[in-house]
Amino acid sequence: MTSPEAPPLVDVHAHFVTESYVRQARAAGHELPDGMPGWPTWSPAAHLDLMDRCGIGTAMLSLSSPGVHFGDDTAAGRLAREVNEESARVVREHPGRFGLFASLPLPDVDGALDEIAYAFDTLGADGVVLETNTHGVYLGDARLEPVFAELARRDAVVFLHPTSPVCWEESALGRPRPMVEFIFDTARTVTDLLFAGTLERHPDLKVVVPHCGGALPVLADRVNGFMKLFMPDDQGAPDALTHLRRLHYDLAGTPFPRQVPALLNLVDPDRLLYGSDYCWTPPAAAEAHVASVDAAPVPASVSTSTSTSTSTSTSTSASTAASALASASASASASGGGVTWRSLTTANAHRLLPRLAR
């Protein structure tokens with residue numbers, strides 16, 4: 001049980017399923033989704049019960065892998081609309097407790113643009129969720145540029161979620177794909193966005209990368225070096241590290257004791273967000289995950305930054321980081337303690353999703 005004085009978490013990596021969605025996914029051949037032993041169950045009541053036990057104030061609902069596109073554009077559009085309307089209904093019925101990252105029927109670009117308009121203008125979505133690939137179409141594919149241009153125009157939050165790569169039959173070695181394949185498919189699609197110039201063209205996209213960035217913290221320097229070697233000279237290869245530092249990263253999975261320290265060697269603390277991965281993470285594991293985040297020590301480099309957060313900065317990113325740390329410090333002080341991962345990630349989420357702070 002979380003202390004009542006602790007600031008409530010914002011869970012940016014929270015999933016739902018419906019009976020209709022599971023039935024349609026199974027009919028499309030996803031009986032054991034991504035090599036997992038079966039489908040989870042979900043209800044608003046069960047989710048709220050877990051949130052209350054864990055001190056989670058708001059959960060941003062999104063559909064996980066395998067997404068909504070099972071091979072037919074028209075059917076994918078219908079399914080995206082169905083799950084988006086259902087999750088929007090849940091958000092309306094439980095004000096303040098849930099948000100919505102809408103699903104899009106990619107790689108159908110026209111269908112995705114239609115659903116973006118409906119999700120934001122009619123349903124009031126907080127952002128969208130994009131699978132790392134759909135039938136082998138990764139997010140840097142030139143055909144998807146109209147989608148990213150529209151999302152950038154709307155200043156949208158774009159939550160990435162991994163799925164199985166097209167070669168999983170050989171690469172997964174018969175094991176559940178979320179264990180290793182998801183981690184590398186996340187790195188693959190973000191690298192694709194870098195090489196395609198998508199992040200360069202749309203620097204204000206609010207991209208959330210799951211699972212502490214997957215393999216990206218370890219691969220970042222290698223990717224940056226290869227970009228400088230192989231990008232055409234006339235393009236002026238962008239600095240991959242600069243773009244990666246602008247993204248946001250959730251703590252779903254196994255953040256401590258090793259992943260978060262690696263991530264903090266790449267990004268500032270203001271980029272970190274909380275994520276549970278419920279309902280694909282069972283309740284007991286989700287509770288243990290929150291407990292591990294609450295128990296993890298905050299490095300001195302993070303906590304002491306709050307004492308200098310009011311200093312003058314010549315860097316926009318440094319100023320943003322200082323603002324986030326100041327907010328986290330204020331939140332922690334109000335609850336009678338120092339900066340915690342809970343206060344830091346919550347302050348970061350409120351900045352990314354200002355509706356939640358109102």
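All residue numbers in this chain count up from 1 along the given sequence.
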Would you name the heavy atoms of [X] and [Y] that are closest together and state the gap between them?
X: P217; Y: A262; result: CB-O, 3.8 Å
X: A88; Y: L100; result: CB-CD2, 4.1 Å
X: E131; Y: P162; result: OE1-O, 3.6 Å
X: L113; Y: P146; result: CD2-O, 3.7 Å
X: A286; Y: L50; result: CB-CD2, 4.0 Å
X: A80; Y: P105; result: CB-CD, 4.1 Å

NZ/NE/NH1/NH2 to OD/OE distance under 4.0 Å, [X] and [Y]:
X: R342; Y: D294; result: yes
X: E85; Y: R89; result: no
X: K228; Y: D239; result: yes
X: D126; Y: K206; result: no

Using atom types as modelled and distance alone, determine if a side-chain donor or acceptor of [X] lies under 3.5 Å from a backbone N or O of [Y].
X: N84; Y: S103; answer: yes
X: R97; Y: I56; answer: yes
X: N224; Y: A240; answer: yes
X: T134; Y: V137; answer: no
X: R177; Y: F182; answer: no
X: T346; Y: P8; answer: yes
X: D268; Y: D270; answer: no
X: D11; Y: S276; answer: yes
X: T189; Y: L139; answer: yes
X: R245; Y: L266; answer: yes

State, yes or no, whether a side-chain contact exists between [X] and [Y] at a heavy-atom distance under 4.5 Å.
X: R188; Y: D192; result: no
X: T186; Y: P210; result: yes
X: T345; Y: V10; result: no
X: L244; Y: V267; result: no
X: S164; Y: E181; result: no
X: C212; Y: V260; result: yes
X: S62; Y: H161; result: no
X: V90; Y: F16; result: no

V208/L352 under side-chain contact (heavy atoms from CB on, under 4.5 Å): CA gap, chis, key distance, verdict: CA-CA 10 Å; V208 179; L352 178 67; 3.9 Å; yes

[X], [atom1]: over 12 other non-hydrogen atoms inside 6.0 angstrom:
X: E19; atom1: CD; result: no
X: R175; atom1: CZ; result: no
X: R201; atom1: CZ; result: yes
X: F184; atom1: CZ; result: no

Candidate pair D185 and Y138, rule side chain to side chain donor-acceptor pair (under 3.5 Å), full reasoning: CA-CA 9 Å; D185 217 55; Y138 280 83; 2.5 Å; yes

Ring center gap for Y274 and H289 short of 6.0 angstrom: yes

Distance in Å, [X] [atom1] paired with [Y] [atom2], rounded so as to fall on 0.5 Å steps:
X: I116; Y: L104; atom1: CD1; atom2: CG; answer: 5.0 Å
X: L353; Y: H248; atom1: CG; atom2: NE2; answer: 9.0 Å
X: L216; Y: L263; atom1: CG; atom2: CG; answer: 9.5 Å
X: E287; Y: S292; atom1: CD; atom2: OG; answer: 12.0 Å
X: E115; Y: T122; atom1: CD; atom2: OG1; answer: 9.5 Å
X: R246; Y: L205; atom1: CZ; atom2: CG; answer: 11.5 Å

Criterion side chain to side chain donor-acceptor pair (under 3.5 Å) on H30 and D34, from CA distance to verdict: CA-CA 8 Å; H30 296 280; D34 298 300; over 6 Å; no

From CA spacing to verdict: salt bridge (charged side-chain N to carboxylate O under 4.0 Å, His left out), R78, D72: CA-CA 10 Å; R78 284 197 302 264; D72 179 82; 5.3 Å; no

Short side-chain donor-acceptor distance under 3.5 Å, S65 and T163: yes

Treating Ile, Leu, Val, Met, Phe, Trp and Tyr as nodes and any side-chain heavy-atom pair under 4.5 angstrom as an edge, say whether [X] and [Y] lie in one connected cluster.
X: W341; Y: Y249; result: yes
X: L79; Y: W42; result: yes
X: L273; Y: L9; result: no
X: L151; Y: V207; result: yes
X: F101; Y: F120; result: no

side-chain contact (heavy atoms from CB on, under 4.5 Å) assessment of H202 paired with T198: CA-CA 6 Å; H202 308 296; T198 306; 4.1 Å; yes

CA sep, side-chain torsions, deciding dist, call: L130, F148, side-chain contact (heavy atoms from CB on, under 4.5 Å): CA-CA 11 Å; L130 302 182; F148 282 102; 3.8 Å; yes

Check the orientation of [X] and [Y]. Use parallel for under 30°, tilted for 30 to 60°, and perpendicular for over 60°.
X: H211; Y: H13; value: tilted
X: F159; Y: H15; value: tilted
X: H47; Y: F98; value: perpendicular

Check against side-chain contact (heavy atoms from CB on, under 4.5 Å), L264 and L272: CA-CA 9 Å; L264 287 173; L272 273 56; 4.1 Å; yes

